[in-house]
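Notes follow the structure.
Chain letters run A, B, ... following the sequence lines, proteins first and then strands; every chain starts at 1.
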Amino acid sequence: MVVLLSACRSSNGAKSDALLMIPIPTRVTVTTGTVPGLGTILTDSTGHSLYMFPPDAGSQVHCTGACAGTWPPLVIQAGHKPRAGGQVNTADLGTLADPNTGADVITYGGYPLYRYASDLTAGVANGQDLFSDGGPWYVLHPNMQPVTVNPAPTITPTPATIPIAPPSLAPPPTLSTGSGS
Amino acid sequence: MTDDTADESDRTDAPRRAVNRRTLLIGGAGLVVGAGITEAATALTSTSSNLGPAVPSPGEDLMTEHGVLKRLLLAYQEASTQLAAGHTPPAAAISDAAQIIADFVEGFHEGLEEAYVFPRVRDQHATLVQTLLIQHDRGRHLTTAISAAAAGDLTKPATRTALGRYLDLFVRMYAPHEAWEDTVIFPALRDATPQRTLNELAERFSELQNQQYGDAALSQMLDRVESVEQQLGISDLATFTPPEVYTS
């Protein structure tokens with residue numbers, strides 16, 4: 001169950017969550033991009049990796065509440081259809097009612113799509129194969145299969161192998177409203 | 001999306017939630033270290049909420065959760081110290097601590113920050129918010145590494161060295177991480193957010209915590225933290241008190 005304590009009505013009459021500051025555009029394009037070690041995967045139109053969550057199998061949205069902060073759903077205003085780019089098959093795109101925002105969450109092969117809050121630049125997938133909020137998170141190949149490999153070196157009991165790269169201070173992803181994601 | 005308008009019907013059970021929230025905050029057995037933090041947080045971020053003084057502000061709520069993290073950082077620090085001294089700390093304590101951190105801190109607490117706090121202060125503190133987000137990610141990966149190492153053979157020098165290194169990296173990152181959030185981000189949230197929205201955020205945080213963990217969430221977490229502390233021999237706050245200092 002999801003809390004919608006503070007809600008308002010959008011122009012189409014659907015309830016939206018005024019507290020959860022996720023923009024709800026009317027135009028969203030799901031396309032493909034390349035991430036080193038992962039190959040061609042689904043991204044949004046700004047090149048940010050898109051993830052699936054296996055517990056969502058059966059066209060459900062299990063990532064609600066605080067989870068939606070770490071894994072913001074890729075949403076579109078209800079009544080609008082997402083567009084396909086790159087190697088994305090239009091027929092595999094769909095939408096589900098999003099219990100977080102009151103809008104629709106975009107699906108691919110029935111799986112709701114999410115971004116990862118800590119992917120601050122395009123072309124990275126820091127959340128790949130991360131166990132979080134009760135399950136693993138995977139990027140998606142355009143053939144609808146989750147990519148389950150971990151691009152980072154396996155962390156072995158050797159201190160030098162742990163990735164401690166300096167923080168990237170690139171600007172955060174801009175989630176535009178009304179002109180695609 | 002930033003409209004502060006709320007359905008009044010959604011707030012009819014606010015008193016019940018307020019009682020639950022107060023129970024959570026004052027009912028946590030073993031809340032020793034965190035008590036001072038909570039008092040400081042109240043002084044810093046308390047609001048004149050029309051829901052009554054029993055409802056903690058979002059900043060106070062998040063700082064209380066930081067108190068839980070601080071105690072787990074002390075546990076990590078102790079485990080690392082024991083490793084460095086050639087002892088073998090109880091692996092279960094480290095695994096339990098990592099599990100609490102993964103679930104309550106990295107899953108729930110940081111999710112709240114990422115959903116409700118960072119978007120409201122990003123304009124004023126863009127670089128800091130980016131660093132905090134990167135550290136959230138590093139922390140999640142470090143926790144995975146700590147869990148894996150703690151499940152390994154702690155008689156092997158390489159495993160011990162790696163585990164100690166991961167624990168030290170985690171503590172080194174999160175101590176300043178939460179200090180910056182407490183002193184910069186949460187005050188900025190208060191400054192940037194209308195009182196009505198702060199009240200709604202307080203209610204939201206309370207409701208989400210009750211949904212995810214039940215009414216006794218904080219108390220349950222503190223019981224688990226205390227168990228970790230007992231396994232490591234640091235459950236008595238008095239053990240942290242230095243000998244009396246004499247000046248010549």
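The two atoms that bring A:Gly69 and B:Glu114 nearest to each other are O-CB, 3.4 Å, heavy atoms only. Considering all non-hydrogen atoms of both residues, B:Gly107 and A:Ala66 come closest at O-CB, 4.0 Å.
Note on B:Ala115, B:Pro157, B:Gly152: by heavy-atom pairs under 4.5 Å with chain A, the leading option is B:Ala115.
Taken to the nearest 0.5 Å, the CZ atom of A:Phe131 stands 13.0 Å off from the OG1 atom of B:Thr143. Here A:Asn126 contributes atom CG and B:Ile134 contributes atom CD1; the two are 8.5 Å apart, rounded to the nearest 0.5 Å. Atom-to-atom distance recorded for B:Gln212:CD and A:Cys67:SG is 8.5 Å, nearest 0.5 angstrom.
You'll find the side chain of B:Arg140 reaches within 4.5 Å of the side chain of A:Ser118, heavy atoms only. Between A:Asp133 and B:Glu106, the closest side-chain pair of non-hydrogen atoms is not below 4.5 Å. Counting only heavy atoms from C-beta outward, the side chains of B:Arg204 and A:Asp17 approach each other to under 4.5 Å. Using a 4.5 Å cut-off on side-chain heavy atoms (C-beta onward), A:Leu19 and B:Tyr116 make contact.
Here the side chain of B:His141 pairs no donor or acceptor atom with the backbone of A:Gly127 at under 3.5 angstrom.
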